[in-house]
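Here is the structure we will look at.
Because only heavy atoms are used, hydrogens play no part in the values below, and waters and symmetry mates are left out as well, while side chains stay in.
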Amino acid sequence: MGIKQITFTITLLWAFLAQAQCEIAFPISVGMKPESITKGFHDNYYVTVMNAKEPGDGELVEVSKNGVKVFAKGFDEPKGIVFLNGYLYFSDVTQIWKVDNEGKASIFVDKADFPKPVLYLNDVSLDGKGNGIFIADMGLPNTCGTLITTYGR
């Protein structure tokens, strides 16, 4: 075996071991009624968890190679989630939350800020260019969702 082949084998083995250490062993428990998941900060996963449907008992849970922890809490029924421009965004009944990398949550779009009345926001998705998010309201008949961009807010 030549030096190049030994170096390649060691590099390949090192890459395999590094990858294996970063893997998260699914399935894992994150709480009652997990709703949606996305990859976010530091390649960790973030899960919206509705819990027992009591006001304020919803959570955003972080899943990393170090385990599972509550990243932010105090939501009603957190649902669809995306990671865009360094923030997590998710729907919660009639509003959209924005969460930074420290777990600080703020209302990104409140019920009164939508161009049309909303009743029950469900899912969010990145638009085709990654510049904004589509929001689906499953409470209104004949709705197509609303596009909210991240700029200017």
Side-chain angles (χ1 to χ4, degrees), residues 14-153:
W14 179 257
F16 176 78
L17 291 175
Q19 178 67 24
Q21 290 176 343
C22 294
E23 292 297 319
I24 299 168
F26 289 98
I28 55 173
S29 178
V30 295
M32 285 177 46
K33 299 182 185 173
E35 178 65 28
S36 295
I37 185 169
T38 193
K39 203 166 203 180
F41 310 111
H42 312 293
D43 283 334
N44 294 333
Y45 293 94
Y46 294 85
V47 182
T48 54
V49 180
M50 293 183 1
N51 285 321
K53 209 169 184 172
E54 297 294 323
D57 74 343
E59 299 172 328
L60 178 60
V61 174
E62 179 185 71
V63 179
S64 72
K65 64 181 179 179
N66 298 321
V68 176
K69 72 174 186 178
V70 174
F71 190 69
K73 60 184 178 178
F75 313 108
D76 292 327
E77 294 179 40
K79 293 195 180 336
I81 186 170
V82 295
F83 184 67
L84 176 65
N85 297 335
Y87 292 93
L88 294 163
Y89 297 88
F90 62 89
S91 60
D92 187 10
V93 187
T94 59
Q95 57 195 8
I96 303 297
W97 288 93
K98 177 180 180 178
V99 181
D100 69 13
N101 64 348
E102 299 294 322
K104 181 182 177 210
S106 59
I107 295 173
F108 178 63
V109 184
D110 205 358
K111 181 178 183 174
D113 297 331
F114 283 93
K116 294 183 179 183
V118 295
L119 292 179
Y120 195 74
L121 302 177
N122 185 33
D123 205 6
V124 298
S125 177
L126 294 176
D127 73 0
K129 296 181 181 179
N131 293 329
I133 55 177
F134 284 106
I135 303 159
D137 182 358
M138 65 185 223
L140 293 176
N142 303 319
T143 59
C144 296
T146 304
L147 174 65
I148 306 292
T149 62
T150 61
Y151 304 106
R153 291 198 183 251

Considering all heavy atoms, the nearest [X]-[Y] contact:
X: Val47; Y: Pro34; value: CG1-CB, 3.9 Å
X: Asp76; Y: Asp92; value: N-OD2, 3.0 Å
X: Thr94; Y: Leu121; value: C-CD1, 3.6 Å
X: Gly80; Y: Asp123; value: CA-OD1, 3.3 Å
X: Met50; Y: Asp57; value: O-OD1, 3.3 Å
X: Glu102; Y: Asp100; value: N-OD1, 2.9 Å

*asked:* Between Glu77 and Lys79 (salt bridge meaning N to carboxylate O under 4.0 Å), is one present in this structure?
replied: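 A salt bridge links Glu77 with Lys79.
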_Under a 4.0 Å threshold between the charged nitrogen and the carboxylate oxygen, would Glu62 count as salt-bridged to Lys69?_
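Yes, charged N to carboxylate O under 4.0 Å.
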*asked:* Applying the ring pair (Phe, Tyr, Trp, His ring centres under 6.0 Å) criterion to Phe83, which one of Phe41, Tyr46, Tyr45, Phe90 satisfies it?
replied: Phe41
_Pi-cation contact, Tyr89 with Lys98 (under 6.0 Å, within 45°)_ =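 No.
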*Could you check Asp113, Ile135, Ile107 and say which one makes a side-chain contact (heavy atoms from CB on, under 4.5 Å) with Ile96?*
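Only match with Ile96 under side-chain contact (heavy atoms from CB on, under 4.5 Å): Ile135.
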*Verify the ring-centre separation between Trp97 and Phe108: is it less than 6.0 angstrom?*
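They do not qualify: ring centres at least 6.0 Å apart.
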*Tell me, with the steps shown, if Thr38 and Leu88 meet side-chain contact (heavy atoms from CB on, under 4.5 Å).*
CA-CA 9 Å; Thr38 193; Leu88 294 163; 3.8 Å; yes
